[in-house]
Amino acid sequence: MKERRKKSTSAPHEDSALVKAFQAGEKAAFDRLVLKHKDRLFNLCYWFLGDYQEANDSAQEAFIRAYRSLNKFRSESTFSTWLYRIAVNTCKNRLKSLEYRLRKKMVWLDGPGKSEGSNPPIDIEDESHSPVIELERKERMALIRKAVDSLPSEQKTVVVLRDIDGLSYEEIASIAGLNLGTVKSRLARARLGLRKRLGRAI
Amino acid sequence: MDCSKIKELLSEYIDGTLDRRTKALIEEHLLTCRGCKEELDSLEALLKELRSLDAVDAPDDFLEKFHERMEPSPWFRRIMRILFVPWRIKIPLELTGAVATVLLIVSIIHIQQPEREMAGIPIGSTESMITKKITADTLESRLEKEGYISEPTFEERTAKQPKREERTIELALLLRTDEPERVHAPGAALEAAPAPRKRGATIQEEKTYMLSPPRARIYRETESNDEIQPGKLKGKKQSITWGTGEVKDFIGLIGGKVISVEYEKQTESPQSIHAEIPAKHYGAFCEKLKHLGPFRTPPPSISEKDEEIIRMRIRFVSYLNSHDGEFSHP
């Protein structure tokens, strides 16, 4: 599934054509870009923030910012890299915001098991699986989400982009504005952290 | 290379980003080092898990919502929508005024509701409630002036009746007192037979009325300090009290009021009853009194134009001393 998705969004020539059209005045071209990249971007935001509603808000905000600054885009990177960069920054800012941190604190006071914010709707893709398996999958997902959520922001960025989204080191470096070495070391630390947190659950 | 260094590089090893030399070194190490091998295995398992996670897709209306947010001054539009959707129907000007007035009234009432709740007035139809209250107030004040107001004590009530006709009908009732045990039979021999029954009944009635709090209370209030409460009357002193009890009962029955009962100091026997009775029952009342004993002088008849309430004073006179009004102790 991820492979399929990666293919659909990785056609850079298609993106650049749409960008050109937009910059030429065809504002509706942006809709095409939204439809193409929204799911992947949304997923990124979800794993970054650990909350469905927050992810929605962040994703929307990222696209709005992209829309407003697309005319200034000069193709130094691919459109998707540029878009992802906006999304990561948006999510990071959201994480930093006082409101978000307070909410997070409140959640943890209740106890890890209790309120987990909003969750994604039921995935209809895996109808073939039995309900038991589905439940297991959901539980697993929740566990991982919590573990990822507990990582420091810097580590979280790289592990989500790499191990959840499947981007290359270079792409990650470009998006996060880091050099390769930093990406590697952060990633190693993040993976170790996750392993510790998940322990025998995996 | 020691294990800690190896472990640091495992992440890259998995990703295949190590140079050939370093990679070979690690592989060689892994062949013999169990700890590091386990580390590698668990790391691989983690990544596999992360890669296989369900993708969380954007909601279906994502693009739509995006456009909503992109609208110029979206907040303004939203407010407009909320405020004016019901108003899209074109209302003629006159109706608009009426609608506005109604809304104003409704909002005022709505605001007033908490106040009314606090005042303890039930939230019903407000206007009718207000009217009722006003009417009640006016009525109450009017009644107060007239002296008809229902006051907590009976005495107060009776004290406020100056406007009534002052004429009092005085009647003297002749009662036998020589046989205390015996029920005082009315003069007529005809009534001798039912007398015992009457006694029993009356004494019971007496007791009843003494026991029943409201009446007892009322009557107690009408007595002066010198008078003795009915409860204290017993034994041979019941000779006349039974009669007063009956009278009182009857007065109550016809809707009259007992103003006071006078008792003789020494004997604690009732001497007279002051009462007010409705004029329409005057005749019946006199008839009733006759059952207890003959009147010394026949009760006067009243003309119809007399006021509704008649004041009466019924004196209980000893049968034995029929020629004077005094009660003589046997």
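This structure is a prediction, so every number in the text was calculated from the model and none was measured.
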Contact check, side chains of [X] and [Y], non-hydrogen atoms, under 4.5 Å:
{"X": "A:I64", "Y": "B:M70", "answer": "yes"}
{"X": "B:E39", "Y": "A:L192", "answer": "yes"}
{"X": "A:D149", "Y": "A:W47", "answer": "no"}

Short side-chain to backbone donor-acceptor contact, A:R186 and A:Q155, under 3.5 Å: no
Side chain of A:D39, backbone of B:A58: donor and acceptor closer than 3.5 Å? yes
Considering heavy atoms only, which positions within residues 4-28 of chain B lie below 4.5 Å of chain A? B:E8, B:S11, B:E12, B:D15, B:T17
Side chain, backbone, both or neither: which part of A:L35 has a heavy atom under 4.5 Å from chain B? side chain
Is A:R189 in contact with chain B via its backbone, its side chain, both, or neither, using a 4.5 Å heavy-atom distance? neither
Is the Lys NZ or Arg CZ of A:K156 less than 6.0 Å from the centre of A:F48's six-membered ring, within 45° of the axis? yes
For A:F22, is the NZ or CZ atom of A:K27 found under 6.0 angstrom from the centre of its six-membered ring and inside 45 degrees of the ring axis? yes
